[in-house]
Engineer: 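Structure incoming, see below.
Convention: sequence-line order gives letters A, B, ...; per-chain numbering from 1. Everything quoted here is computed from the prediction, not taken from an experiment.
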Amino acid sequence: MPELPEVETIKRGLEKNIIGKQIADFYCDWPKMINYSLKEYKAKIKGLKIQAINRRAKMLILNLSQSWNILIHLKMTGQLVYGSKTKCLVGGHPIKDGYDCLPNKFTHATFTFSDQSHLYFNDVRKFGWLRLFTDQGLEQELDSLNLGPEPLTNDFSFDYFKNKLKQKQNSKIKQFLMEPKNIVGIGNIYSDEVCFYAKVKPTRLVKNLKPKEIELLYKGIKKILQDSIKLQGTTFSNYRNAEGETGEFMKKLKVYGRAGEKCKICNAEIKKIKIGGRTASFCPKCQK
DNA sequence: GTACTTGTTGAACG
DNA sequence: TCGTTCAACAAGTA
């Protein structure tokens, strides 16, 4: 499940490899992933060049020539793989033997560039999508999502964070952190980790947070996301191709996915509970 | 067949 | 109208 750091990692990896490339062909075997018929989609993008790659929240934006853009969401299990004769990148990570078996049964979309290299979109559960928009259409689409600020830019200031919290006094802190209208890019993994960093239980109500805790939450969001990007994100076992190639941040996780294991700080057993249908993991001793 | 997975949305609640 | 909770959806795995 790529969250902000994973998507940022993919963006940086792709930037080095596909900027300037011309799209020679496109294929997609799952119509729900794209917002035009395959025939129309292909006709619109054929011959266009990739001019830039941007990220907004957990989405990637490929800026194409002639004012077209492809908005990509990987959802839980999506993966982008770039492959040429000499190299292969999976979600930002180079792998040695992955290209031989691509496309595979999880490959649902393929871009072929004029130099015969490829960009594959793999998705085990087919939740992800690649939608094509004009500049104007993209702007409208992004506006309609009412997204909050990017946590790693100055838009996400401490004042903004405090004010938003004031508006959501009765929210549980974990849910507040995961709400894209408040801050984008924080999913289940990083909300658990941020709560641990601030030593706050995920179920704590916003109105009961102490000023010191609010400060730690704010710092934690910035720090944990930045650290994760430095280590190229957290990768997962459901990325079949990258098996054995887990992102380095995986090793740094303090609570996420560690229920039943011992807390790295105090040795207490990490607990797992449900908050609004979602799993939350925390250390009952470290987090108050 | 069932429970579970996540990000996101929309319905329903007070 | 607003804040909040909950169910639903996408499709596959165990």
Engineer: Side chain of A:His108, backbone of A:Asp123: donor and acceptor closer than 3.5 Å?
Structural biologist: yes
Engineer: Closest approach to the side chain of A:Ser171, judged atom by atom: which nucleotide of C:dT13, B:dT6, C:dT4 is it?
Structural biologist: C:dT4
Engineer: Roughly how many Å is it from CD1 in A:Ile275 to P in C:dC6, rounded to a whole number?
Structural biologist: 11 Å
Engineer: Nearest of C:dA10, C:dT4, B:dT9 to any side-chain atom of A:Leu145?
Structural biologist: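 Ranking C:dA10, C:dT4, B:dT9 by closest atom to the A:Leu145 side chain puts B:dT9 first.
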Engineer: Quick one: does A:Lys201's side chain have a donor or acceptor within less than 3.5 Å of a partner on A:Gln287's backbone?
Structural biologist: yes
Engineer: Can you tell me if A:Lys207 touches the phosphate of C:dG3, counting only side-chain N or O atoms and a distance under 4.0 Å to OP1 or OP2?
Structural biologist: no
Engineer: Examine the base of B:dT6 for any acceptor or donor lying under 3.5 Å from a partner atom in the side chain of A:Arg125, and report the outcome as yes or no.
Structural biologist: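 There is none.
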Engineer: Do A:Leu4 and A:Ile229 have side-chain heavy atoms sitting under 4.5 Å apart?
Structural biologist: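 Side chain of A:Leu4 against side chain of A:Ile229, heavy atoms only: contact under 4.5 Å found.
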Engineer: Is any side-chain N or O of A:His73 closer than 4.0 Å to OP1 or OP2 of B:dT8?
Structural biologist: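 So the side chain of A:His73 is within the cut-off, an N or O lying under 4.0 Å from OP1 or OP2 of B:dT8.
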Engineer: Checking all strands, does A:Lys172 fall into the base, sugar-phosphate, or nothing category for heavy-atom contacts under 4.0 angstrom?
Structural biologist: sugar-phosphate
Engineer: Do the side-chain N or O atoms of A:Thr279 get closer than 4.0 angstrom to the phosphate oxygens (OP1, OP2) of B:dC4?
Structural biologist: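 Indeed not, no polar side-chain atom of A:Thr279 lies that close.
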Engineer: Does the pair A:Glu179/A:Lys168 count as a salt bridge with the N-to-O cut at 4.0 Å?
Structural biologist: no
Engineer: If you check every side-chain atom of A:Tyr256, which of B:dT6, B:dT8, C:dA11 has the closest atom?
Structural biologist: B:dT6
Engineer: Tell me what A:Trp30 touches on the nucleic acid: a base, only sugar-phosphate, or nothing, going by heavy atoms under 4.0 Å.
Structural biologist: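 Sugar-phosphate only.
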Engineer: Would you please test A:Tyr218 and A:Phe156 for ring pair (Phe, Tyr, Trp, His ring centres under 6.0 Å) and show each step?
Structural biologist: CA-CA 9 Å; A:Tyr218 178 76; A:Phe156 180 61; 5.2 Å; yes
Engineer: If the cut-off is 4.0 Å, is A:Lys75 near the phosphate of C:dA11, judged by side-chain N/O to OP1 or OP2?
Structural biologist: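 So the side chain of A:Lys75 is outside the cut-off, no N or O lying under 4.0 Å from OP1 or OP2 of C:dA11.
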Engineer: Check every atom of B:dT9, C:dT4, B:dT6 against the side chain of A:Arg278 and return the nucleotide holding the closest atom.
Structural biologist: B:dT6
Engineer: Choose from C:dT4, C:dT13, B:dT5 the nucleotide whose nearest atom is closest to any side-chain atom of A:Phe106.
Structural biologist: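 For the A:Phe106 side chain, the nearest candidate turns out to be C:dT13.
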Engineer: Nearest to the side chain of A:Gln175, which nucleotide is it out of B:dT8, C:dT5, B:dT6?
Structural biologist: C:dT5
